[in-house]
Visitor: 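Dropping the structure in here first, questions after.
Bear in mind that the values here come from a model prediction, so they are computed numbers and not experimental data. Basis for what follows: all heavy atoms, side chains included, without hydrogens, waters or symmetry-related copies.
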Amino acid sequence: MTSRELILGRLRAALGASPTTPGEVTRDYRPAGGAVDLDVLVHRLTDYRATVHRCADGEVAQVVDAILGGRRVVVPPGLPRRWLPDTVEVLTDDELPTDQVDAADGVVTAAAVAVAETGTVILDAGPAQGRRVISLLPDVHVCVLRTDQVVAGVPDALARLGPDRPLTWISGPSATSDIELNRVEGVHGPRNLHVVIVPA
């Protein structure tokens, strides 16, 4: 008797004469449609060490100036220019080489949706969000989020997102822990995340 035959024989003996029918899997997941609490999102983002700014749409450029004024900033091609102050040097990402993106001081993007319950901002590579690399390499990420893009939970977010889009889920600045459980920031993305929340 070969080893293969021995193992298969033991499996057959363990299963018995007739294989059992799998039990019914419960599919009563929490549905979408929960109430949105913007304060929960702000609390979660702050807890994850992101900086949250709340302002009018017309004040976004002032917030960006306070964070990145006088520095070089990468932006996706579809980002509204009214969000950028004259004090930043703008590099529009028309397939910029990686070294130029890496040399930039920061990036300004929009968002697709944010989940209040988890404190997660989601990008789907839309025209105002750009390629993943531009939100990965610069040290500072300023993400502008409209209040109508905030949803209660993950099911609500998934209902708004296309399954064919590349998704980036961001819950605070990039962070990891070393073997001694010391927090290390900036290893897998920007060390500084600023979320600018504007009214819809």
Visitor: Strictly distance-based, threshold 3.5 Å: is any side-chain N or O of D156 a donor or acceptor partner for the main-chain N or O of G33?
Guide: yes

Visitor: Got a sec, which hydrophobics cluster with M1, joining ILVMFWY side chains under 4.5 Å apart, including via others?
Guide: L6

Visitor: Would a 4.5 Å heavy-atom cut-off, applied to side chains only, mark V196 and V142 as touching?
Guide: yes

Visitor: Does some side-chain heavy atom of R131 sit less than 4.5 Å from a side-chain heavy atom of E95?
Guide: yes

Visitor: Any side-chain heavy atom of I122 sitting closer than 4.5 Å to one from T168?
Guide: no

Visitor: Only pairs under 3.5 Å count here: list side-chain donor-acceptor contacts from residues 60-80, not counting sequence neighbours, and write none if there are none.
Guide:
residue: D65; atom: OD1; partner: T87; partner atom: OG1; Å: 2.5
residue: R71; atom: NH1; partner: I67; partner atom: O; Å: 3.4

Visitor: Crowded around D86 CG? As in, over 12 foreign heavy atoms under 6.0 Å?
Guide: no

Visitor: Check the pair L15 / R10 against side-chain contact (heavy atoms from CB on, under 4.5 Å), numbers first and verdict last.
Guide: CA-CA 9 Å; L15 289 173; R10 288 179 179 170; over 6 Å; no

Visitor: Are V113 and V154 connected in the hydrophobic side-chain network, where two residues link if heavy atoms are under 4.5 Å apart?
Guide: yes

Visitor: Do the side chains of L91 and V133 join up, straight or via other hydrophobic residues, at under 4.5 Å, putting them in one cluster?
Guide: yes

Visitor: Is it true that T109 and S135 share a donor-acceptor pair across their side chains at a distance under 3.5 Å?
Guide: no

Visitor: Is the shortest distance from a Lys or Arg side-chain nitrogen in D57 or R82 to a carboxylate oxygen in the other one below 4.0 Å?
Guide: yes

Visitor: Would you please test L161 and L167 for side-chain contact (heavy atoms from CB on, under 4.5 Å) and show each step?
Guide: CA-CA 9 Å; L161 296 166; L167 302 177; 4.1 Å; yes

Visitor: Will you find, in the side chains of H194 and H141, an N or O donor that is under 3.5 Å from an N or O acceptor?
Guide: no

Visitor: Quick one: are P190 and V140 in side-chain contact, heavy atoms under 4.5 Å?
Guide: no

Visitor: Would you mind reporting whether L41 and L145 have side-chain heavy atoms less than 4.5 Å apart?
Guide: yes

Visitor: Would you say that I170 contacts Y48 through its side chain, given a criterion of any heavy-atom pair below 4.5 Å between the two side chains?
Guide: no

Visitor: Hey, is the main chain of P97 close enough, under 3.5 Å, to the side chain of Q100 for a donor-acceptor pair?
Guide: no

Visitor: Tell me whether V150 shares a hydrophobic cluster with L45, the cluster being built from Ile, Leu, Val, Met, Phe, Trp, Tyr side chains joined at under 4.5 Å.
Guide: yes

Visitor: Please determine whether side-chain contact (heavy atoms from CB on, under 4.5 Å) holds for the pair V108 and L84, giving the CA-CA distance in whole Å, both sets of side-chain angles, and the decisive distance to 0.1 Å.
Guide: CA-CA 8 Å; V108 181; L84 301 172; 4.2 Å; yes

Visitor: What I'd like to find out is whether the side chain of P199 reaches to under 4.5 Å of the side chain of D148, using heavy atoms alone.
Guide: no

Visitor: Under 3.5 Å, is there a donor-acceptor pair between the R54 and T147 side chains?
Guide: no

Visitor: Taking all atoms of both residues into account, what is the closest heavy-atom pair of P85 and V88, and its distance?
Guide: O-CG2, 3.3 Å

Visitor: Is it true that W83 and I197 fall in one hydrophobic cluster, defined by side-chain heavy atoms closer than 4.5 Å?
Guide: no

Visitor: Between Q129 (side chain) and A110 (backbone), is there a donor-acceptor pair under 3.5 Å?
Guide: no

Visitor: Would one find more than 12 heavy atoms of other residues, nucleotides or ligands at under 6.0 Å from atom CZ of R4?
Guide: no

Visitor: Specify the closest pair of heavy atoms between L123 and C143, including all atoms of both residues, with the distance to one decimal.
Guide: CD2-SG, 4.1 Å

Visitor: Find out whether D39 and H43 are in side-chain contact, i.e. whether some heavy atom of one side chain is under 4.5 Å from a heavy atom of the other.
Guide: no

Visitor: Are the side chain of R132 and the backbone of A125 linked by a donor-acceptor contact shorter than 3.5 Å?
Guide: no

Visitor: V36, V52: one ILVMFWY side-chain cluster at the under-4.5 Å cut-off?
Guide: yes

Visitor: So does R44 pair up with E117, basic N to acidic O under 4.0 Å?
Guide: no

